Amino acid sequence: MALGILLLFLFSMGCLRQDDLSAPEQDCDAELSPNITLLEVLDSFDGSTREIRNEWVVEAYVISSDKSGNFYNTLHLQDRPAVPQAGVQVELEMRNSHLFFPLGQKVLLNLKGLYLGRSKGIFKLGHVYTSFGNLQVGRIPKHAVADHVYKVCEPPQALVPKILSVSDLTSQPANTLVGLKNMEFTRELKDSTYARAEEETVRTMQDCDDREIGLLSSGYSDFQTETLPSGKGAITAIYYPEGGQAMLMVRSPEDLDLKGDRCEELITEFTSSSLIISELADPDNNSAARYVELYYAGSEPLSLNGWRLDRYTNDNTERGSTLDLSAFTLNPGQFLLIASDAVVFQQTYGFAPDMEGGTNSPADSNGDDNLVLVDPFGTVIDIFGVVGEDGSGTNHEFEDGRAYRKAGIQLANPVFDPSEWEIFNDTGASGTTNQPQQAPGDFSPGARD
């Protein structure tokens with residue numbers, strides 16, 4: 001009885017299908033010779049998936065590995081072990097392909113009968129299937145892999161990743177091996193894993209200049225649950241710009257050497273009391289030619305990242321509109337001119353403003369509103385008027401007129417001081433001058449009186 005059970009067990013084990021648990025047996029090939037380059041093949045692509053009917057043989061090198069499960073049923077190949085000019089993704093039904101096609105292995109691709117296509121910007125070779133009536137490159141069946149992918153009778157070559165910066169990646173051929181230095185995961189990803197379970201996941205990396213790129217990982221990989229390294233260092237990866245979005249893919253966590261101290265925080269937000277509101281314009285003869293002028297009296301360039309100009313309409317205590325000034329950096333002695341209407345401003349004053357605010361913006365005040373200049377940290381740096389007080393009939397009314405900062409004023413003031421201003425309007429109330437101003441003659445955008 002025991003002998004029968006043993007024989008039945010051995011028979012059952014012998015009948016189990018391997019389902020690609022090991023790579024197919026195949027001797028290396030010493031007879032085929034390449035007759036076209038991979039770059040030439042890719043350059044022949046006419047925009048639609050098509051069968052290759054030429055007797056083309058291409059030489060390439062394996063740069064991916066499915067050992068850790070981040071790549072599945074694909075080989076990523078490039079045309080040279082170093083300084084590649086072209087890369088391609090080969091779809092195939094083969095698990096554990098790393099056992100037969102290790103990193104750096106030189107292969108020959110017999111392209112006749114395969115299909116060349118492009119999906120989301122990635123060149124692919126394989127067989128085809130139909131999706132919504134369109135041919136798509138799919139996997140080479142297991143039994144046909146040996147007819148198209150040949151292992152060359154040479155030991156694997158050392159792969160040399162091209163060292164690039166994040167900004168240089170777009171000049172690199174897709175599906176090629178790259179190296180980046182001084183990389184780290186963003187602080188928001190602290191204690192995060194490489195991927196969510198059973199999902200392709202993109203984690204954001206950045207360099208010390210805050211230039212970002214995504215790291216794409218499979219939710220089925222062996223390292224999916226591992227915590228992302230928290231330090232800074234080098235990464236070797238396959239450049240994979242899928243769908244126009246630059247991304248990286250690694251073979252395993254060993255491709256990341258992030259053990260150094262993190263980059264210093266890049267400070268991009270600064271405050272200064274040398275940026276002031278220098279002129280407000282509400283021309284009596286052309287309300288569309290309104291503008292706000294800022295002046296920077298500092299001694300070093302000032303980034304306005306995070307700065308804003310707020311308008312409090314009439315006696316409102318809630319901000320009515322705002323302008324984000326982040327796009328500008330001012331040099332010492334430079335003006336920033338913000339027009340209500342850029343076209344009308346240029347027609348009226350003879351040159352283009354730096355920025356258009358639009359209708360109801362801080363640059364479109366009719367003279368009885370209050371304007372507040374705020375730094376990146378939320379601090380009021382300078383102000384014209386009194387928030388909560390309608391300007392009509394007060395010492396901060398410039399309706400149909402103009403308010404300009406006296407030339408001797410070089411520092412901002414978070415409390416409105418009418419003695420720092422010359423104000424013209426149509427009433428002359430509270431020490432202002434009853435003298436409506438006409439554009440362009442009564443105004444001086446870009447100059448201090």
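When reading the values below, keep in mind they use all heavy atoms of this one structure, side chains included, and skip hydrogens, waters and symmetry mates. Fair warning: this is a prediction, and the values are worked out from it, not measured in the lab.
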Looking only at the side chains, is there a donor atom on one of D147 and N110 sitting less than 3.5 Å from an acceptor on the other? no

Under the side-chain contact (heavy atoms from CB on, under 4.5 Å) criterion, do L215 and V250 qualify, and how do the steps go? CA-CA 8 Å; L215 180 73; V250 295; 3.9 Å; yes

Can D46 and R118 be counted as an ion pair, charged N to O under 4.0 angstrom? no

Please report whether the ring centroid of H76 lies less than 6.0 Å from that of F71. yes

Taking the ring centre of each residue, are Y220 and Y72 less than 6.0 Å apart? no

Check: D255 side chain, R251 main-chain N or O, donor-acceptor pair, under 3.5 Å: yes

For the pair D364 and R290, evaluate salt bridge (Lys or Arg N to Asp or Glu O under 4.0 Å) and give the outcome as yes or no after the intermediate values. CA-CA 6 Å; D364 191 39; R290 293 169 176 163; 3.2 Å; yes

Any donor-acceptor N/O pair, T379 side chain to I381 backbone, under 3.5 Å: no

Examine distances only and state if a side-chain atom of D79 and a backbone atom of Q85 form a donor-acceptor pair shorter than 3.5 Å. yes

Would E40 and T37 count as a side chain to side chain donor-acceptor pair (under 3.5 Å) here? Give the steps. CA-CA 5 Å; E40 289 172 329; T37 67; 3.3 Å; yes

Full working for salt bridge (Lys or Arg N to Asp or Glu O under 4.0 Å) between E93 and R139: CA-CA 6 Å; E93 287 183 355; R139 297 169 187 162; 5.4 Å; no

Any side-chain heavy-atom pair of T193 and L228 under 4.5 Å: no

Can a cation-pi geometry be assigned to R50 and Y115, taking NZ or CZ under 6.0 Å from the six-membered ring centre and within 45° of the ring axis? no

Is any side-chain heavy atom of N175 closer than 4.5 Å to a side-chain heavy atom of L77? no

From T74 OG1 over to L125 CG, what is the distance, rounded to the nearest 0.5 angstrom? 12.5 Å

Heavy-atom distance under 4.5 Å between the side chains of V160 and P81, does that happen here? no

Do V166 and L180 make a side-chain contact, defined as non-hydrogen atoms from C-beta onward lying under 4.5 Å apart? yes

Between the OG1 atom in T271 and the CG atom in D375, the distance rounded to the nearest 0.5 Å is 3.5 Å

Quick check: does any side chain N or O of D382 sit under 3.5 Å from a backbone N or O of I277, one acting as donor and the other as acceptor? yes

One pair to check against side chain to side chain donor-acceptor pair (under 3.5 Å): S218 and N70. What are the steps and the verdict? CA-CA 5 Å; S218 168; N70 206 35; 4.8 Å; no

Looking at N360, is its backbone amide N or carbonyl O close enough to the side chain of S321 to form a donor-acceptor pair, meaning the two atoms are under 3.5 Å apart? yes

Between E55 and K112, does at least one N-O distance fall below 4.0 Å, as a salt bridge requires? yes

So, E279 and R402, do they make that salt bridge, N to O below 4.0 Å? yes

For D66 and S97: C-alpha separation, side-chain torsions, deciding distance, then whether side chain to side chain donor-acceptor pair (under 3.5 Å) applies. CA-CA 7 Å; D66 62 358; S97 61; 3.1 Å; yes

Measure from the side-chain N and O atoms of E200 to the backbone N and O of S217, and report whether any donor-acceptor pair falls under 3.5 Å. no

Would you say D341's side chain and G358's backbone share a donor-acceptor pair under 3.5 angstrom? no

One pair to check against side-chain contact (heavy atoms from CB on, under 4.5 Å): I238 and I63. What are the steps and the verdict? CA-CA 8 Å; I238 294 173; I63 60 171; 4.0 Å; yes

When the ring centroid of Y404 is compared with that of F443, is the distance short of 6.0 Å? no

How would you list all residue pairs meeting ring pair (Phe, Tyr, Trp, His ring centres under 6.0 Å) that involve residues 156-206, not counting sequence neighbours? Y194-F223

Derivation and outcome, side-chain contact (heavy atoms from CB on, under 4.5 Å), residues S48 and N134: CA-CA 9 Å; S48 60; N134 298 314; over 6 Å; no

Between CD of Q136 and NZ of K124, what distance do you get to the nearest 0.5 Å? 8.0 Å

Given R211 and S167, is the side chain to side chain donor-acceptor pair (under 3.5 Å) satisfied, shown in steps? CA-CA 7 Å; R211 292 174 294 198; S167 58; 3.3 Å; yes

Is there a donor-acceptor contact under 3.5 Å from the side chain of W307 to the main chain of E269? no

How long is the gap from OH on Y150 to NE2 on H148, to the nearest 0.5 Å? 8.0 Å

Taking side chain as C-beta onward, heavy atoms only, is Q245 less than 4.5 Å from K120? no

Quick one: does any side-chain atom of Q78 pair with a main-chain N or O of R80 as donor and acceptor, under 3.5 Å? yes

Hey, are S252 and E254 close enough side-chain-wise for a donor-acceptor pair under 3.5 Å? yes

Rounded to the nearest 0.5 Å, how far apart are CD of Q206 and CD of E212? 5.5 Å

Measure the shortest side-chain to side-chain distance between Q172 and D168 over non-hydrogen atoms and say whether it is less than 4.5 angstrom. no

Does Y296 have its ring centroid less than 6.0 Å away from the ring centroid of F335? no

Donor-acceptor contact present, side-chain S278 to main-chain E293, <3.5 Å: yes

Please tell me if the side chains of L373 and L275 come closer than 4.5 Å, counting only heavy atoms from C-beta onward. yes

Side-chain contact test, heavy atoms from C-beta onward, threshold under 4.5 Å: evaluate it for L304 versus S326 and give yes or no. no

Take E356 and S361 through the side-chain contact (heavy atoms from CB on, under 4.5 Å) test and state the conclusion after the steps. CA-CA 9 Å; E356 181 179 74; S361 72; over 6 Å; no

Do Q224 and E226 have side-chain atoms, one donor and one acceptor, less than 3.5 Å apart? no

